[in-house]
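Accompanying notes for the structure given below.
Basis for what follows: all heavy atoms, side chains included, without hydrogens, waters or symmetry-related copies. Here, residue 1 is the first one in the sequence, and each next residue gets the next number.
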Amino acid sequence: QVQLVESGGGLVQAGGSLRLSCAASGLPFSSYTMGWFRQAPGKEREFVGLISGSGDSTDYADSVKGRFTISRDNAKKMVYLQMNSLKLEDTAVYYCAASARDGLLVATTWYDVWGQGTQVTVSS
């Protein structure tokens, strides 16, 4: 059974940090590009960033560049999203997703498997 499970969400003050984790099972993990997306209330799901299967390439949305970092551990089948200098506008449900494709995969349609999401709330 192919599955992605996110964890690590919660409530954090503006300027603080949070690390999200995503555990994968049932797929050849190192062959998949892993993406992070987020969805705020009333808004569409948006691209946050991605990491290539090997982990040697990352891309980020301009809104999080320099503040968020994605990493992965292929041996553990885990991908992480380190979020620093959090802002109120980072409040959203965060999703990890897996794609069998390579490249700059910013659209949700390129991803084959999704996690259930984890809530991140940034307070003032």
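When the shell of 6.0 Å around CH2 of W110 is examined, it contains 12 or fewer heavy atoms from other residues, nucleotides or ligands.
Pairing each heavy atom of V64 with each of V48, the nearest pair is CG2-O, 3.5 Å. Annotation for I70 and T58: closest pair O-CG2, 3.9 Å, computed over non-hydrogen atoms. Looking at every heavy atom in both residues, A40 comes nearest to A92 through N-CB, 3.8 Å.
Between V120 and T91, the closest side-chain pair of non-hydrogen atoms is not below 4.5 Å. No side-chain heavy atom of R67 sits less than 4.5 Å from a side-chain heavy atom of Y60. At least one side-chain heavy atom of F68 sits less than 4.5 Å from a side-chain heavy atom of L81.
Under a 3.5 Å cut-off, the side chain of S99 and the backbone N or O of Y111 do not form any donor-acceptor pair. No side-chain donor-acceptor contact under 3.5 Å links T118 to the backbone of Y94. In terms of modelled atom types and a separation under 3.5 Å, the side chain of E6 and the main chain of G117 share a donor-acceptor contact.
Annotation: salt bridge (charged side-chain N to carboxylate O under 4.0 Å, His left out) contacts involving residues 34-47, sequence neighbours excluded, comprise R38-E46, R38-D90. Pairs engaging residues 96-105 under the salt bridge (charged side-chain N to carboxylate O under 4.0 Å, His left out) rule: R101-D112 [sequence neighbours left out].
In this structure, the separation between OG on S63 and CZ on F47 is 9.5 Å, given to the nearest 0.5 Å. Within the model, atoms OG1 of T108 and OH of Y95 stand 11.5 Å from one another, a figure rounded to the nearest 0.5 Å. The line from SG of C96 to CZ of R72 is 10.5 Å long, rounded to the nearest 0.5 Å. N74 contributes atom CG, which lies 8.0 Å from atom OG of S54 (distance to the nearest 0.5 angstrom). Within the model, atoms NZ of K77 and CD of Q3 stand 12.0 Å from one another, a figure rounded to the nearest 0.5 Å. To the nearest 0.5 Å, atoms OH (Y80) and OG1 (T69) are separated by 14.5 Å.
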Which atom pairs, donor and acceptor, lie under 3.5 Å between side-chain atoms of residues 9-31 and protein residues at least two apart or in another chain?
from, atom 1, to, atom 2, distance (Å)
S17, OG, N84, OD1, 2.9

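Put simply, Y32 and I51 are part of the same group of oily side chains (I, L, V, M, F, W, Y) that touch within less than 4.5 Å, one to the next. Cluster membership check: L4 does not share its hydrophobic cluster with F37, using side-chain heavy-atom separations under 4.5 Å among Ile, Leu, Val, Met, Phe, Trp and Tyr. M34 is connected to W36 through a chain of hydrophobic side-chain contacts under 4.5 Å among Ile, Leu, Val, Met, Phe, Trp and Tyr, so both are in one cluster. The hydrophobic cluster containing L105 does not contain V113, counting ILVMFWY residues as joined when their side-chain heavy atoms lie under 4.5 angstrom apart, directly or transitively.
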